Amino acid sequence: MMKRITLFLWVLASVCMAKAEDGSQLWLRYQPVNKAKVTGPDCLAAEELRTYYQGETATLTLDPKMADDAYRISGSTITAKNEQGLLYGAYALLRGESGYSAPYWKLRILNHWDNPNGTVERGFAGKSIFLNPDPERIRMYARANASVGINGTVLNNVNAKPEALSTESLQKTKAIADQLRPYGIRVYLSINFASPIKVGGLETADPLDAKVVRWWKEKVKEIYRLIPDFGGFLVKANSEGEPGPQDFGRTHADGANMLARVLKPHKGIVMWRAFVYAPQSPDRANQAYLEFMPLDGQFADNVIIQIKNGPIDFQPREPYSPLFTAMQKTQMMVEFQLTQEYLGAANHLVYLAPMWQEFFSYVKPGSLKAMAGVANIGDDTNWCGHHFAQANWYAFGRTAWNPALKPEEIADEWIRQTFSNDERLLSPVRQIMQESREACVKYMMPLGIHHIFAGTHHYGPEPWYAPKGLRADWTPPYYHKADSIGMGFDRTLTGTANVRQYPEALCRLYNDINTCPENLITWFHHVPWDHKMKSGRTFWDELCHQYDEGVHEARHFLTVWDAMQPYVDAQRFSEVQRKLRIQARDAEWWRDACLLYFQTFSHRPIPQDMEHPVHNLDEMMQFSIPISMYENPEHGYTK
C-alpha cells in the first residue's frame with residue numbers, strides 16, 4: 001500500500017513539475033504542434049502557424065485594397081494587405097479571433113526608460129533587456145509586441161544621456177532594430193537636446209543656430225544610413241532639469257520644429273513631451289497648459305505633442321490633462337504608464353485598463369494621433385516583476401489597437417492565454433483584476449488625494465515628508481494642504497483657477513464642491529472635515545471608510561487567489577500569493593499612516609464601525625524600505 005501511495009505521489013509530483021511555469025512565455029504559451037500546412041507567402045505569420053496552429057491547414061492571402069496592418073480571418077484563412085497584417089492576423093487566429101480588424105492608430109509605441117548602464121528608471125523588473133541583448137530574449141520581446149499590435153519602441157530613457165547619439169551607441173541600436181524589424185517594430189530614440197554641445201563639441205544647442213541645425217542634419221543622416229526605417233525622436237526638454245530650447249530663449253515649437261525639419265526627408269517624427277513644471281508655479285497642474293496653449297497651431301506636421309494622461313504625474317487617479325481638450329490645432333498623443341511607479345511597483349496587482357477606459361470617457365480617441373506606454377519590462381524571468389503586471393503590457397497593446405475594447409474583455413483574453421480557460425479560475429480572477437485599480441485608489445489616495453508618497457521614492461506613504469530646503473512641489477503637503485479646517489488643493493476659480501483650463505461644462509462641474517465628482521473632490525477643493533458627502537457621512541468619516549474598504553479589498557484579493565491553487569501551476573501560484581500578501585500588508589501601512597497623520601489635523605475620532613489602525617503614528621513615521629529593496633520589490637520593512 002505504501003509503495004502504491006509513494007508511486008502515486010511521485011507521478012503527481014512529476015505532473016506538477018511538468019506543468020510548472022515561470023512566466024517567461026508571457027501570454028504566448030502555445031505548445032509546438034508542427035502539424036499545420038500553411039499555403040501562401042512564406043513569412044513569419046506562416047512560421048508561427050506551422051509551429052503552433054492546432055488546425056490541419058491555414059491559408060494566407062494578400063489583398064492590396066485592405067488598410068495597412070488590418071487583417072480578415074475567415075475560418076483558417078487570413079487576408080491582409082502585407083506580411084505585417086498577416087502576422088497580426090496569425091496571432092489573432094491563435095487566440096481565437098475571427099472577422100475583420102484594423103488598428104485605430106498607426107503608431108502604437110512603448111517608451112522604455114532604460115539607461116546606458118542597464119538600470120531602468122522606475123523599473124521594477126530587473127535591468128534593461130537592451131544592455132547586452134540576448135537574441136532569444138529580443139525575439140520573444142518582438143513576438144510579444146507583435147502579438148498585441150505594438151509597432152514601435154523607444155529604447156532609452158526620456159532623461160536621455162547624450163551618448164545615446166554616439167556612433168558606438170547607434171551601432172548597438174542598429175543591431176536591435178535589425179532584430180525587431182521582421183516583426184514590424186520600428187525603433188526610436190530619446191535624445192538629449194544639448195547633444196550638439198555634449199556630443200558634437202559645439203558651444204550652443206540653440207535650435208535656430210545654423211551650426212546646430214547642420215550638426216543635427218549630419219547626425220540624422222548617420223542614423224538613417226544605419227537604420228533606414230528609424231522612427232524618429234522622443235524629446236523631454238526644459239523639464240526637471242533637462243536641457244531644452246528655452247535655455248536659449250526659444251520656444252518648445254522652435255525646438256520641436258527644427259528637429260522635425262531635419263527628420264522629415266527621412267519620414268521621421270518628433271514626439272515632444274508636454275511634461276513640464278516649474279518650481280515657482282503656484283500650481284504644478286497648470287504648467288503644461290500655460291506653456292503649450294500659446295503654441296497651439298505652431299508645430300510642424302511631423303511633430304506630435306506627447307501628453308501624460310493626467311496633469312500631474314501618473315497618479316492612482318487624476319482628472320485628464322486639460323491640454324487634450326484645449327489644443328485644437330496640434331497633433332497630440334497620450335502617454336500612459338505601464339510600470340506602476342505610483343501604484344505599488346511590481347508588488348501590487350493593479351490592472352490598468354479600467355484607468356485608461358476612464359481617460360477615454362473624457363478624451364475621445366479620435367482627437368489623438370497615437371498612444372504611448374511607459375514600459376514595465378526588464379530582464380526578470382517573468383519580464384515584469386509580477387505575473388499580473390504582464391496584463392498591463394498586454395492590455396496596452398490591445399487598447400492601442402482598439403480603444404473600444406472593454407477592460408473585462410481584454411482581461412478575459414489575457415487570463416485564458418496566460419493561465420487557463422477553466423471558468424473556476426477565469427471568473428474570479430477577472431473580477432479581482434477589474435476591481436484592483438479602484439481598490440488601490442482607496443487604500444492609497446481616495447477622494448482625489450494625490451502625490452503623498454515617500455519622498456526618496458514613490459512606494460510607501462509619507463504625507464508628512466517636507467524636509468527644509470526642498471522645493472515645495474516635491475513634498476506631499478504641497479498637494480494635500482491638510483489643516484484644521486480640512487484638506488485638499490483649491491483649484492477652483494477663487495483658487496489656482498485650474499478648473500478654467502477645462503471645457504465650460506466641466507469647469508462648472510468641478511468648480512462647485514457640491515457637484516464635483518467625489519473621487520476628485522480634494523483634487524479641486526479644500527474640503528472641510530465636516531462637509532457632508534453623498535453617503536451621508538462627513539468628509540472625515542468617508543475618508544476613513546474609503547481607506548478601510550481598500551484594505552479589506554486587498555485582503556479579499558489574497559483570499560480569492562488562495563482558492564485558485566488547484567488551477568494554477570505551483571511556481572506562479574506561490575509567487576503571486578507572496579505578492580498579494582505584500583499588497584495586503586502595504587494597504588494596512590497606507591491606511592494607518594495616512595489616517596493617523598491626517599487625524600492630527602482633523603482632531604476627529606476614527607469611526608467605530610470600521611477597523612481601526614493597528615499601528616500608531618510614531619511607528620508609521622519610522623517605517624521605511626531600503627531603496628535597493630524597493631527596486632527589487634521582494635521587500636520587507638525596516639525601522
Side-chain angles (χ1 to χ4, degrees), residues 105-107 109 111 152 154 156-160 162 164-165 186 188-200 202 204-221 223-224 230-278 287-308 321 323-324 326-335 367-372:
W105 292 296
K106 289 185 177 180
L107 178 57
I109 187 166
N111 291 179
V154 182
N156 61 322
N157 196 347
V158 288
N159 296 320
L165 292 180
R186 300 175 76 180
Y188 301 74
L189 287 174
S190 294
I191 61 162
N192 184 293
F193 198 79
S195 293
I197 300 172
K198 298 180 179 180
V199 177
L202 301 183
T204 181
D206 181 350
L208 301 190
D209 185 287
K211 291 180 180 178
V212 171
V213 175
R214 189 158 52 248
W215 184 88
W216 279 111
K217 282 183 178 178
E218 290 306 310
K219 181 55 66 175
V220 165
K221 286 179 182 177
I223 293 172
Y224 279 94
F230 180 72
F233 295 142
L234 174 64
V235 190
K236 177 180 180 178
N238 292 119
S239 174
E240 298 184 322
E242 292 298 312
Q246 293 176 350
D247 299 344
F248 309 97
R250 311 304 184 187
T251 68
H252 290 291
D254 291 329
N257 291 345
M258 179 274 291
L259 293 170
R261 285 191 294 272
V262 170
L263 286 164
K264 190 161 190 177
H266 309 277
K267 299 182 180 180
I269 65 169
V270 176
M271 296 170 287
W272 192 274
R273 292 175 94 233
F275 179 62
V276 293
Y277 64 97
Q287 191 70 27
Y289 183 101
L290 295 175
E291 288 197 24
F292 280 87
M293 269 307 294
L295 303 174
D296 191 21
Q298 296 183 27
F299 291 95
D301 62 6
N302 59 329
V303 173
I304 309 175
I305 304 302
Q306 182 166 308
I307 309 166
K308 290 187 178 184
S321 170
L323 275 179
F324 286 113
M327 296 184 79
Q328 300 292 317
K329 305 172 185 176
T330 300
Q331 297 185 117
M332 298 174 290
M333 60 190 293
V334 61
E335 178 183 326
S367 65
L368 306 176
K369 293 293 291 184
M371 181 168 151

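Every value quoted in this text rests on a predicted model; they were computed, and no experiment measured them.
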Run E240 and Y277 through side-chain contact (heavy atoms from CB on, under 4.5 Å) and show every step you take.
CA-CA 7 Å; E240 298 184 322; Y277 64 97; 2.8 Å; yes
Nearest heavy-atom approach of A160 to S190 is CB-O, 3.6 Å
Nearest heavy-atom approach of A274 to A288 is O-CB, 3.4 Å
Main-chain N/O of M293 paired to D296 side chain as donor or acceptor, under 3.5 Å = no
Checklist line | Pairwise side-chain contact, M258 with L208, heavy-atom cut-off 4.5 Å (strictly under) | finding: no
Decide side-chain contact (heavy atoms from CB on, under 4.5 Å) for Y188 and L234; before the verdict, give the C-alpha distance in whole Å, the side-chain angles of both, and the deciding distance to 0.1 Å. CA-CA 7 Å; Y188 301 74; L234 174 64; 5.8 Å; no
Taking every heavy atom of N302 against every heavy atom of Q331, the minimum-distance pair comes out as N-NE2, 4.4 Å
What do the steps show when you test L107 against K369 for side-chain contact (heavy atoms from CB on, under 4.5 Å), and what is the final call? CA-CA 8 Å; L107 178 57; K369 293 293 291 184; over 6 Å; no
With sequence neighbours left out, the residues meeting side-chain contact (heavy atoms from CB on, under 4.5 Å) with A372 are I109, N111, Q306, M333
When every non-hydrogen atom of W215 is compared with those of G200, the smallest separation belongs to NE1-CA, 3.2 Å
Nearest heavy-atom contact between M327 and F292 is CE-O, 3.9 Å
Student check: side-chain heavy atoms of L368 and I304 closer than 4.5 Å: no
Output for pair (I305 CD1, E335 CD), nearest 0.5 Å, gives 12.5 Å
Test item: F248 and V212 side chains (from C-beta on) under 4.5 Å apart, heavy atoms: no
Any side-chain heavy-atom pair of V220 and F233 under 4.5 Å: yes
Contacts of E218 meeting side-chain contact (heavy atoms from CB on, under 4.5 Å) (sequence neighbours excluded), chain-then-number -> K221
Show me, pair by pair, the donor-acceptor contacts under 3.5 angstrom made by side chains of residues 259-272, not counting sequence neighbours?
| residue | atom | partner | partner atom | Å |
| --- | --- | --- | --- | --- |
| K264 | NZ | D301 | OD1 | 2.9 |
| K264 | NZ | D301 | OD2 | 3.1 |
| W272 | NE1 | H252 | ND1 | 3.0 |

Note to self: Evaluate Y289 against S321 for side-chain contact (heavy atoms from CB on, under 4.5 Å), listing each step before the verdict.
What the structure shows: CA-CA 9 Å; Y289 183 101; S321 170; over 6 Å; no
Next on the checklist: Taking A300's backbone N and O only, do any of them form a donor-acceptor pair with N257's side chain (distance below 3.5 Å, no angle check)?
Outcome noted: yes
Checklist entry - For residues N192 and S195, is any side-chain donor paired with an opposing acceptor at under 3.5 Å? => result no
Heavy-atom nearest pair, L189 first then L165, reads CD1-CD2, 4.3 Å
